[in-house]
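To start, the structure under review is shown below, and the notes come after it.
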Protein chains: 2
Amino acid sequence: MAIPSLARVKCSDCPIRHRAVCARCDEDELQILESMKSYRSFAAGEAILWRGEPLSFVASLVSGVASLSKTMEDGRTQMVGLLLPSDFIGRPGRSRIEFDVTATTDVTLCCFDRKPFERLVDETPHVAQRLMELALDELDAARDWMLLLGRKSAREKIATFIEMLARRSRGTEPVPDGPIQLPMTRDQIANYLGLTLETVSRQFSALKKEGVIDFTDRRRFEVRDIIALQDATGDDADGGILS
Amino acid sequence: MAIPSLARVKCSDCPIRHRAVCARCDEDELQILESMKSYRSFAAGEAILWRGEPLSFVASLVSGVASLSKTMEDGRTQMVGLLLPSDFIGRPGRSRIEFDVTATTDVTLCCFDRKPFERLVDETPHVAQRLMELALDELDAARDWMLLLGRKSAREKIATFIEMLARRSRGTEPVPDGPIQLPMTRDQIANYLGLTLETVSRQFSALKKEGVIDFTDRRRFEVRDIIALQDATGDDADGGILS
DNA sequence: CGCTCGGTTGATAAAGATCAAGTTATGTGG
DNA sequence: CCACATAACTTGATCTTTATCAACCGAGCG
């Protein structure tokens, strides 16, 4: 069950202050958000929101990793998004969502009741603009993932996934070049990449045998050969430099 | 080459008036858009925008079909979006796009120079709100497509594609139950669905042999058995009724 | 201590890609 | 208007990749 957390972090001290939906807000606007917010925590594996369920709150992800996924009648599932700190859950103007939101690791959310938040969005261009940016970023990420799902080989998918984790944690992790934590099980990785867990395991083993990565533990690895890794992703060498 | 069209349709008579970026605008706002807009036409196959190229204009698609696609170094291509009348091209706050935009059929665009348009967005909540809705709709569509690309079989992909075309043209086509036009070649369909053109052709043939669809011509077909078609998509029978 | 869960590895099967002919349209120039 | 060229499409044979089925391993926990 979700445990409403009483711990109160001041918005100005919040770790996601400059990236979340409040990024563009000034002090006055922050005051309003401060008075509306409440924290909730979810344990790894817990459902945060179910597909189709009425959406009573929206939230910013403060810490941990959550995932968006779609499941077919026969059980096939596809992850359609990975939420990291500062990502937003919920939509202005929509009372339901079309996918499940699940806590992948232990998660803390900064929640707002939906109705008051929507009123705020209408009145606060800074919030509306930031929400727009976040939506467009998600759209770009979704499109990159479509290329991966539709056209990349298993090896390329795994390499892309690892490279993404490595790049992302360079900002977040305490030791910049140290071991990287896999925030999910092989099965969840498979659902993210459109593979089976066996194929995921085999590709990890192959990259390990080639000396590209090295596992210190089943959930923790280090990149040994970043060039070979980027090569294996199938992406342009300078991918993103133009942007 | 793009031929700047001199034909001027009044916004109030525009076929996409209530669905495009201007949907929520009142008469005064429409006046402003009217004075800023210009039409451009592109022939089937022509490039509208290249990935990475500076974005000088944004536009609404007035007629025809355009596609967004990403291409890897070795030529593998994945379509990441299909633009239909009323869809928007370009992003507020971004000077480049991360994919190619191509005219799939002959296309007419209602264009706005980017800079003035961005100023307008900042000053006109009706436009900003509509842009947000359009972006969220695209995001939902992208996520549905991720499930298709990652988890559906070739047969399910083709059935989903046909069902989507059928549903969509029910609104647009002159004869509601008549033949439906395929707006793209087998090769383009393959790039949309993450398949090869041979597999696309084979699946069409299979559905035809089973009497689910019937081709009146290579680019025109009729749905003979809608139940069997929906069955073959792999989606929930009531998919979308809840939304 | 033995169970369970997450993970690895191997053998086999199936789906779809690839390679290779052909066939049907759609032009285009004579 | 016809002959021919070309692009779009279909179909078949074969090969590759990844899924599926199955056995097993090791860490953590009741």
Side-chain angles (χ1 to χ4, degrees), chain A residues 43-46 72 74-78 102 104-105 148-162 181-210 213-221 232 234, chain B residues 43-46 72 74-78 102 104-106 148-162 179 181-210 213-221 232 234:
Chain A
E46 243 183 300
M72 295 170 67
D74 62 4
R76 281 176 285 175
T77 76
Q78 176 64 52
T102 312
T104 303
T105 64
L148 176 141
L149 292 172
R151 292 304 188 196
K152 287 193 176 181
S153 68
R155 182 185 169 85
E156 289 170 332
K157 286 177 175 180
I158 292 289
T160 305
F161 175 68
I162 292 177
Q181 178 87 19
L182 280 176
M184 30 169 101
T185 65
R186 301 291 185 268
D187 189 51
Q188 290 170 324
I189 295 169
N191 286 336
Y192 194 26
L193 300 174
L195 296 170
T196 57
L197 78 168
E198 293 96 329
T199 300
V200 169
S201 183
R202 276 187 245 273
Q203 295 298 332
F204 274 142
S205 299
L207 288 173
K208 178 181 169 169
K209 196 157 69 183
E210 293 169 32
I213 57 172
D214 194 29
F215 282 89
T216 62
D217 144 4
R218 285 206 270 212
R219 286 297 202 91
R220 221 160 235 292
F221 67 92
Chain B
E46 245 185 299
M72 295 170 69
D74 61 4
R76 279 176 286 175
T77 299
Q78 177 64 52
T102 312
T104 303
T105 63
D106 291 351
L148 176 141
L149 292 172
R151 293 302 187 197
K152 289 192 176 181
S153 68
R155 183 187 169 85
E156 289 169 333
K157 286 176 173 180
I158 293 288
T160 304
F161 175 68
I162 292 177
Q181 178 87 18
L182 280 176
M184 30 169 101
T185 66
R186 301 291 186 268
D187 189 51
Q188 291 170 323
I189 295 168
N191 287 336
Y192 194 26
L193 300 174
L195 296 170
T196 57
L197 78 166
E198 293 96 329
T199 301
V200 170
S201 182
R202 276 187 247 274
Q203 294 299 332
F204 275 142
S205 298
L207 288 173
K208 179 181 168 168
K209 195 156 71 184
E210 293 169 32
I213 56 173
D214 195 28
F215 282 88
T216 62
D217 144 4
R218 286 209 272 212
R219 288 295 202 91
R220 222 159 235 293
F221 67 92

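So you know, we letter chains A, B, ... as the sequences are listed, proteins then strands, and number each from 1.
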Kindly determine whether Thr77(B) and Asn191(B) satisfy side-chain hydrogen bond (donor to acceptor under 3.5 Å, both in side chains), including the steps that lead there.
CA-CA 6 Å; Thr77(B) 299; Asn191(B) 287 336; 4.8 Å; no

Measure [atom1]/[X] against [atom2]/[N] and give the value in whole Å, please.
X         : N       : atom1 : atom2 : result
Arg218(B) : dT26(C) : CZ    : P     : 8 Å
Gln78(B)  : dA17(C) : CD    : P     : 12 Å
Gln203(B) : dA15(C) : CD    : C1'   : 10 Å
Asp217(A) : dT8(C)  : CG    : C1'   : 15 Å

Test ring-ring contact (aromatic ring centres under 6.0 Å, His included) on Phe221(A) and Phe204(A) and set out the steps.
CA-CA 10 Å; Phe221(A) 67 92; Phe204(A) 274 142; 7.2 Å; no

Look at all strands and tell whether [X] reaches a base, only sugar-phosphate, or nothing, counting heavy atoms closer than 4.0 Å.
X         : result
Gly45(B)  : nothing
Arg219(A) : sugar-phosphate
Leu197(A) : nothing

Which of these nucleotides, dG16(C), dG7(C), dT11(D), is closest to any side-chain atom of Ala154(B)?
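Minimum distance to the Ala154(B) side chain belongs to dG16(C).
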
Looking only at side-chain atoms of Ser205(A), point me to the closest of dT8(C), dG6(C), dT18(D).
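Side chain of Ser205(A) sits closest to dT8(C).
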
Pairs: protein N or O with nucleotides 18-21 of chain C N or O, under 3.5 Å:
unit_1, atom_1, unit_2, atom_2, d
dT18(C), O4, Arg202(B), NH2, 2.9
dC19(C), N4, Glu198(B), OE2, 3.1

